[in-house]
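Some notes on the structure that comes next.
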4 protein chains.
Amino acid sequence: MPSNATPPARRRTSIGSRRNPETAAAVLAAARELLIEKGYAGFSVEEVARRAGAGKPSIYRWWPTKADLFVTLYGAEKTAAILVPDLGRVVDDLTRYTASLWRFWRTNPAGGAFRGLIAEAQTSEAALAALRVKFLPERLEPLRTIFGRAVERNDLNAADVEDRIALWVGFNWFRLLTDHVDDDVQAIARAMEIIAGPRASGPPGRPRSGSAR
Amino acid sequence: MPSNATPPARRRTSIGSRRNPETAAAVLAAARELLIEKGYAGFSVEEVARRAGAGKPSIYRWWPTKADLFVTLYGAEKTAAILVPDLGRVVDDLTRYTASLWRFWRTNPAGGAFRGLIAEAQTSEAALAALRVKFLPERLEPLRTIFGRAVERNDLNAADVEDRIALWVGFNWFRLLTDHVDDDVQAIARAMEIIAGPRASGPPGRPRSGSAR
Amino acid sequence: MPSNATPPARRRTSIGSRRNPETAAAVLAAARELLIEKGYAGFSVEEVARRAGAGKPSIYRWWPTKADLFVTLYGAEKTAAILVPDLGRVVDDLTRYTASLWRFWRTNPAGGAFRGLIAEAQTSEAALAALRVKFLPERLEPLRTIFGRAVERNDLNAADVEDRIALWVGFNWFRLLTDHVDDDVQAIARAMEIIAGPRASGPPGRPRSGSAR
Amino acid sequence: MPSNATPPARRRTSIGSRRNPETAAAVLAAARELLIEKGYAGFSVEEVARRAGAGKPSIYRWWPTKADLFVTLYGAEKTAAILVPDLGRVVDDLTRYTASLWRFWRTNPAGGAFRGLIAEAQTSEAALAALRVKFLPERLEPLRTIFGRAVERNDLNAADVEDRIALWVGFNWFRLLTDHVDDDVQAIARAMEIIAGPRASGPPGRPRSGSAR
DNA sequence: ACGTAAGCGAGACGGTACGTCAGGTCTTAGG
DNA sequence: CCTAAGACCTGACGTACCGTCTCGCTTACGT
């Protein structure tokens, strides 16, 4: 995608009654830049339109919600970004994947886009729906893959997976939303060891032995 | 303080050169109601001022940021709300405490206030700082108590506590921000069992023996 | 022409390299209906195209200006609508003709079309020219006929006619533009008696013999 | 009123909870200029706000409708503009007053404002109401004065006045809306002679004694 | 008989303006 | 010196139309 965004943007003209991919690209490029420059605060559809040399209605035609724009933006960045590791041990996979994800969040506008999406979801019902229905299921695929392998290896109980995924997501959100997605791999690893660890079950008072799985 | 908030609010006048506690109360009451009625979306300082029969500047004088208002509001609600259970087993304590917290979030404006604070923190550096410095440490005291007891009982390693707290916080945020703070105690318990469970450590390929701590 | 306009409109396709009269008819029918339904306010080319099942460019091809559309529309309605009365007395002719015209304006889209044309002329130089050059002269023919007969009868001076026509036009516009084209024939008659009456001339101070009471 | 309008407009600061007259003045000045520069076409609240260095909401607060803005604008110009002549003969008074009015329309933005008001009334019900209720009655006072004197002199029948006023208004609108408010006093005088002349009444077929030329 | 030229529905596009909403600042008047 | 009140600027929101443009189709006409 050419960086034809910020200056008034070379004149694009309509290509008729089908969507103009150049326009879409220009909008996304402008949104990307804006996110880098100003973060989620200071992000506005108005400004995106200005930079992209697009009309606001053209943006609203394709992204009826700011959230939709963030989703697309995030998707565009994520494409071909993070490999799902397969190191034979679930904690290692989780740690590496999480560390990669955080690096991605730190170095791309994606992190900002995601923060924006979550913030938006607090304000708009539509954004919340987008987050829950369109975004999360798709983005959690890698996690399911990693945990799925662990289940196949009999390292984890299949019934646990959703709970562990919820913990993983929460951990990541917490760090992202408090702007703490650093590169402390040790800290990540420690959290992952708990997420992937055995349950603390058994009779009260005795935290149990031979626990999980 | 009388609940004189929502209707045009009985006329308050200045009480001279000292802060008028009635005004502060009316503002908080109005904010409270608004949060209950419409949630964080649909919350605006403008509307609070309208309901409280106060001027916006009066609000901004005492709560320079929306986030400050949320902090006060959340604090006012939480006070004297949730007991820290002591059932002798960390999972049980966590489960009960979490369930209580979620009920609190569902039934008080507190949930909305907290969502608002987090959302605000994505936009404003000041709010983020407030969230991290003033808010979180204070609100996590109960958790430290619960985990502290477990450490004393030798059920958990002291070095783990911060990691487990982070997981617990993330889990709660995730649920809150996706509007999923239901009363499924089973689900809570399952998550808590993982949070309080042993680590998955040990040599690669061997998911651990004699695991946690 | 079938009244196939408002519902999505039976599919018309091109009839080759000549103008498709069905399309023109559908556009005019849709414009007609829209004007009846909503009046000039609420009239938009967009909506006409929607109702006619026509493309906007097809409309702009044949009516480069909204004003042109109104002109056509008004012309189409007026055709074969109002007879020029010949009652032997100019006031009676004027009164009857004016009353007929107002009824026509009330019951046809014509009134809306004319209001639209005048309004458009305030915005567009082209529309103003159309109004002055194409429209007015043609539409005033009946008036010239009526006054012409009066001149032949020696009831009026030929030199007066244009002035009286201007007064008549103004009176009608005033009523149309303030949405007051009612059916109060008495009021019309009174105005016509003045328009067709003798001039108030004579030396200053002496309003002239036999004059106004 | 200083011409402090077009450049971003020297920074005005609020004077507290009472309307800022500087703002009102700046808005009106900007509107005035815009009307002169571009006429009614090309007039937009947006542009007025831009030039006045005012926020759109500030404008809408005080002039809820574009029409209201035109009314104020017209009023501001008219103030101290046209004297009501008293020459002893109604035709002379009308002619002189009308000629003055047209000159005023030609040389001030007022003409544009009035055209805008009328055009607006075709589009918005509110504007139409403003035109009929607020504007016209007030602006026709001079006419009532002139005709009132004629009635007192027994030159005219009191019952005629409203009809003659309607004709006068229509004549003026016609000329204004077709951009024909020239300075042909002869033409004005001829029209006024008819407006102020005797009625053409009497038995059908006999246009009444002493009548038309 | 067939290529070309035009008309057509469709609808995306860049724009401009609309009227509204909220944020946060400022000033007044008064206690 | 604080307070209530609300005007103010700013800037974004999402919507409605404007008039232009291009597509891909269909048809009639001229060769």
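- Distance from the side chain of S58(C) is smallest to dC8(E) among dC8(E), dA22(E), dC18(E).
- Checking S44(A) against E46(C), the closest nucleotide of DNA chain F that is more toward the 5' end is the one next to S44(A).
- Here P57(A) lies in heavy-atom contact (under 4.0 Å) with a base.
- A ring-centre distance under 6.0 Å is not found for F114(B) and Y40(B).
- Between T23(D) and dC9(F), a side-chain N or O to OP1/OP2 separation shorter than 4.0 Å is present.
- Judged as a side chain to side chain contact (heavy atoms under 4.5 Å, CB included), and not counting sequence neighbours, the contacts of Y60(D) are V45(D), K56(D).
- Remark: R61(C) is not in phosphate contact with dT20(F), judged by side-chain N or O atoms under 4.0 Å from OP1 or OP2.
- Per the geometry, CZ belonging to R51(B) stands 12 Å off P belonging to dA22(E), to the nearest Å.
- Closest to the side chain of Y60(D), out of dG19(E), dC17(F), dC9(F), is dG19(E).
- Residue W62(D) places its side chain closer to dC8(F) than to any other of dC8(F), dT15(F), dG11(E).
- Regarding E120(B), its CD atom lies at a distance of 8 Å from the P atom of dG23(E), rounded to whole Å.
- Partners of F43(D) by ring pair (Phe, Tyr, Trp, His ring centres under 6.0 Å), not counting sequence neighbours, listed by chain and number: F70(D).
- The side chain to side chain donor-acceptor pair (under 3.5 Å) check on T123(B) picks up nothing, with sequence neighbours excluded.
- Across the protein-nucleic acid pair, L69(D) atom CG and dC18(E) atom P stand 10 Å apart, rounded to whole Å.
- Side-chain N/O atoms of K66(B) include none lying less than 4.0 angstrom from OP1 or OP2 on dA22(E).
- dG19(E) atom C1' lies 18 Å from atom CD of E125(D), rounded to whole Å.
- Using a distance-only test at 3.5 Å, with no hydrogens or angles considered, no donor-acceptor pair links the side chain of E120(B) to the main chain of K66(B).
- Taking atom CD of residue E22(C) and atom P of nucleotide dC8(E), one finds them 11 Å apart after rounding to whole Å.
- Residues satisfying the side chain to side chain donor-acceptor pair (under 3.5 Å) criterion with K134(A), sequence neighbours excluded, are D68(A).
- The CG atom of D68(C) sits 11 Å away from the P atom of dG19(F) (whole-angstrom rounding).
- Each of V45(A) and A49(B) was matched to the nucleotide of DNA chain F holding its nearest heavy atom; the match closer to the 5' end belongs to A49(B).
- Taking the side chain of K56(A) as heavy atoms from C-beta on, and the options dC8(E), dT25(E), dT15(F), the nearest nucleotide is dT15(F).
- A search for side chain to side chain contact (heavy atoms under 4.5 Å, CB included) contacts involving A129(B) returns nothing, not counting sequence neighbours.
- Nearest-nucleotide positions on DNA chain E for I59(C) and G55(A) put I59(C) closer to the 5' end.
- Salt bridge status for E37(C) with R51(C): present, with a side-chain N to carboxylate O gap under 4.0 Å.
- Atom P of nucleotide dT16(E) and atom CG of L34(D) are separated by 15 Å, given to the nearest angstrom.
- Rounded to an integer number of Å, the gap from N20(D) CG to dT10(F) C1' is 16 Å.
- Where the helix from dA1(E)-dT31(F) to dG31(E)-dC1(F) starts and where it ends, the local axes point in directions that differ by 20°; five pairs per end, rounded to 10°.
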